[in-house]
Amino acid sequence: MSTARRRIGSIVALLVLAAIVALAWYLTHRPAPTTGPGGGPPAAARGAGGRGPGAAARGAPPSTVGVAAATHADIPVYIDALGTVTPIAVANVSPQVSGVITEILYKEGQVVKKGEALATIDPRPFQATLDQATAALARDVAQLDAARVQLERYQTLLKQDSIARQTVDTQDALVKQLTGTIAVDKANESTARLNLQWSHVVAPIGGRVGLRPIDVGNYINAGNATGVATITQIMPIDVQFSIPQERVQDVKDRVASGATLPVSAWDSGRTRKLDDGEFLTLDNQIDVQTGTIKAKARFANKNGLLFPNQFVNVRMLLRTIDAAVVVPVIALRHGPSGDFVYVVNADRTVSLRNVTAGVTGVDNVEIAKGLSIGEEVVTEGGDRLKDGARIQTSSDRAAAASATAPGPPAPANANGARSGRGQFGGHRGARSEGVAQAPANGNAPTADAATPK
């Protein structure tokens with residue numbers, strides 16, 4: 001009896017083990033459903049990122065990238081350089097006469113005009129010299145007049161043969177001598193007058209006055225090195241910068257055509273524009289050490305933001321390329337065969353396309369050949385791509401997530417079941433076997449309604 005029981009137990013155990021093996025084989029080898037509940041994609045497909053049926057068979061999941069369309073745009077061609085602000089003129093105002101400074105008529109840092117008084121040297125010695133020269137001139141003029149009268153008398157007597165010719169000739173020489181003396185007197189008077197004028201030191205140019213090098217009461221010599229003031233012209237003002245020798249011909253061609261080349265000056269951080277000006281001229285030789293040539297631009301500097309010897313960043317607009325096919329700079333990539341872009345196809349795959357790049361702007365780059373207006377190219381995430389790779393954008397991911405998100409629950413009926421389904425999930429109607437239906441008025445069910453039929 002015990003042996004029979006053991007055999008029956010062994011058979012049951014083998015049957016249970018076989019059932020478990022069969023169930024495991026079925027679960028691991030059953031085909032994936034083609035549709036999920038409600039006709040949507042299966043849950044396994046939704047878990048794989050919403051790629052749909054057969055996505056695993058097509059390889060790796062799509063990469064999320066940024067895209068942009070090729071457009072028409074005007075690309076400005078700039079020449080950027082580091083420049084130095086140089087004044088048009090700097091005057092070290094030195095006195096032309098020597099003397100004691102009696103007045104300083106300017107303030108340090110003041111902007112003066114041409115001819116404005118700066119300082120005064122004691123004028124009294126120069127006034128005395130002028131008076132002396134004027135008196136000498138008057139004396140010699142009187143002597144000349146007397147000599148001329150005497151010469152006329154001698155000439156009359158000579159005609160009457162009443163005087164010797166030698167006397168007439170001597171008087172004529174005296175008149176000529178006095179005429180020369182008067183010329184010297186006039187020159188002395190002019191010199192004295194000019195020295196008196198120079199005792200009032202005036203500005204030879206307009207500009208900004210620097211720090212005062214001398215004070216009132218000091219004696220200053222003519223031609224003193226420090227002078228009485230230093231004036232720097234700041235309005236207008238120039239900026240000197242260097243451009244590559246390869247750009248020389250382009251600049252010359254533009255200038256020869258009569259074009260005005262705008263130039264802007266920026267601060268050291270390129271965050272603030274200081275002033276706008278225009279190109280002035282090129283130097284006459286190229287620096288063999290750097291392969292550049294010096295250029296100069298002129299600025300009105302009405303706001304006074306450009307200061308002499310200041311370092312600035314210069315940007316000169318050479319020309320503008322009109323209606324070029326452009327893409328963002330980050331869309332252009334470089335490979336062994338040259339420049340290329342990833343073009344987005346209609347099936348959300350990418351194709352590697354070789355292009356010919358043109359001028360590069362600040363944000364965009366010109367595509368001279370290989371791309372048409374409206375075509376989309378990959379801008380971000382292209383390092384993970386290869387020809388034929390599948391992609392998706394952020395908007396694609398958001399749309400897929402919203403499509404696979406569960407909808408709102410159906411409203412419940414009076415007995416707590418979902419709309420259109422029975423209490424146990426089947427399409428049975430409002431009443432199930434053994435369960436009384438609640439009346440519409442909300443009253444308790446009657447005994448007849450609770451009795452099964």
Side-chain angles (χ1 to χ4, degrees), residues 78-96 101 104-119 198 200-215 220 222-244 247-248 251-252 254-255 260-287 289-290 292-318:
Y78 290 107
I79 295 179
D80 294 323
L82 181 65
T84 305
V85 180
T86 57
I88 297 177
V90 178
N92 186 17
V93 184
S94 297
Q96 302 298 311
I101 300 292
I104 297 293
L105 302 176
Y106 66 89
K107 295 181 179 180
E108 295 174 323
Q110 177 184 347
V111 177
V112 297
K113 298 179 181 180
K114 182 179 180 179
E116 188 171 345
L118 299 177
W198 279 342
H200 301 278
V201 183
V202 297
I205 61 173
R208 189 176 186 270
V209 182
L211 301 181
R212 186 176 64 250
I214 196 169
D215 296 325
I220 190 169
N224 184 275
T226 58
V228 297
T230 300
I231 302 176
T232 303
Q233 186 173 349
I234 59 174
M235 292 185 294
I237 202 167
D238 294 341
V239 173
Q240 182 175 300
F241 57 99
S242 298
I243 63 175
R247 294 287 194 176
V248 172
V251 174
K252 292 177 63 177
R254 292 288 291 163
V255 173
T260 299
L261 304 183
V263 182
S264 58
W266 297 73
D267 62 0
S268 58
R270 294 182 180 271
T271 58
R272 181 187 182 190
K273 182 187 289 188
L274 302 178
D275 202 0
D276 289 316
E278 62 182 40
F279 174 78
L280 188 62
T281 186
L282 288 173
D283 198 1
N284 58 359
Q285 58 183 349
I286 295 175
D287 188 345
Q289 301 294 331
T290 61
T292 60
I293 186 172
K294 294 180 181 179
K296 185 176 287 187
R298 181 153 294 177
F299 296 81
N301 198 27
K302 294 181 178 179
N303 296 325
L305 298 180
L306 296 177
F307 209 77
N309 297 333
Q310 177 184 3
F311 289 100
V312 294
N313 288 290
V314 177
R315 169 167 287 183
M316 182 172 70
L317 178 61
L318 185 59

Undergrad: Shortest non-hydrogen contact from Asp276 to Ser264?
TA: OD1-CB, 3.4 Å

Undergrad: Say you draw a straight line from CG of Leu305 to CD1 of Ile234; how long is it, rounded to the nearest 0.5 Å?
TA: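 CD1 of Ile234 is found 10.5 Å from CG of Leu305.
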
Undergrad: Side chains of Met316 and Arg247: does their closest heavy-atom pair fall under 4.5 Å?
TA: no

Undergrad: Go through the steps for Val251 and Leu261 under the test side-chain contact (heavy atoms from CB on, under 4.5 Å), then give the verdict.
TA: CA-CA 9 Å; Val251 174; Leu261 304 183; 4.1 Å; yes

Undergrad: For Asp80 and Arg270, run side-chain contact (heavy atoms from CB on, under 4.5 Å): C-alpha distance rounded to whole Å, both residues' side-chain angles, the deciding distance at 0.1 Å, then the answer.
TA: CA-CA 11 Å; Asp80 294 323; Arg270 294 182 180 271; 4.1 Å; yes

Undergrad: Looking only at heavy atoms, which two atoms of Val312 and Val239 are closest? And how far apart?
TA: CG2-CG1, 3.9 Å

Undergrad: Using only atom types and a distance under 3.5 Å, with no angle test, would you say the side chain of Asp275 pairs donor to acceptor with the backbone of Asn301?
TA: yes

Undergrad: side-chain contact (heavy atoms from CB on, under 4.5 Å) for Phe299 and Asp238? Distances and angles first, verdict last.
TA: CA-CA 6 Å; Phe299 296 81; Asp238 294 341; over 6 Å; no

Undergrad: How close do Pro213 and Ala229 get, counting heavy atoms only, and between which atoms?
TA: CG-N, 4.0 Å

Undergrad: Tell me, do Ile237 and Gln310 make a side-chain contact under 4.5 Å, heavy atoms counted?
TA: no

Undergrad: Side chains of Leu105 and Leu118: closer than 4.5 Å at any heavy-atom pair?
TA: no

Undergrad: First locate atom NZ of Lys296, then atom OG1 of Thr84, and finally report the distance between them rounded to the nearest 0.5 Å.
TA: 11.5 Å

Undergrad: Quick one: CG on Asp267 to CG on Leu274, what's the gap to the nearest 0.5 Å?
TA: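 So the CG of Asp267 and the CG of Leu274 are separated by 5.5 Å.
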
Undergrad: Nearest heavy-atom pair of Val263 and Val314: which atoms, and what distance?
TA: CG1-CG1, 3.4 Å

Undergrad: Do the non-hydrogen side-chain atoms of Ile293 and Asp287 ever get within less than 4.5 Å of each other?
TA: no

Undergrad: Which atom pair, heavy atoms only, marks the closest approach of Val228 to Pro95?
TA: CG1-CD, 4.4 Å

Undergrad: Side chains of Val90 and Thr230: closer than 4.5 Å at any heavy-atom pair?
TA: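 Yes - at least one pair of side-chain heavy atoms lies under 4.5 Å apart.
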
Undergrad: When you measure from the side chain of Arg254 to the backbone N and O of Leu318, does any donor-acceptor pair fall under 3.5 Å?
TA: yes

Undergrad: Please find the pair of heavy atoms, one from Ala295 and one from Phe279, that lie closest to each other, and give the distance.
TA: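 In terms of heavy atoms, the two residues are closest at CB-CE1, 3.8 Å.
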
Undergrad: Would you check if Glu278 and Pro262 make a side-chain contact, meaning some heavy-atom pair closer than 4.5 Å?
TA: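 No, side chains not in contact.
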
Undergrad: Taking Asn313 for the side chain and Ser268 for the main chain, is one N or O donor matched with an acceptor at less than 3.5 Å?
TA: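 Checked: pair present.
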
Undergrad: Is there side-chain contact between Arg298 and Ile88, with heavy atoms separated by less than 4.5 Å?
TA: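 Arg298 reaches Ile88 side chain to side chain.
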
Undergrad: Determine whether a donor-acceptor pair (N or O, by modelled atom type, separation under 3.5 Å) exists between the side chain of Glu108 and the backbone of Arg212.
TA: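 Indeed, once roles are kept as given, a pair shorter than 3.5 Å links the two residues.
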
Undergrad: Do Phe241 and Leu82 make a side-chain contact, defined as non-hydrogen atoms from C-beta onward lying under 4.5 Å apart?
TA: no

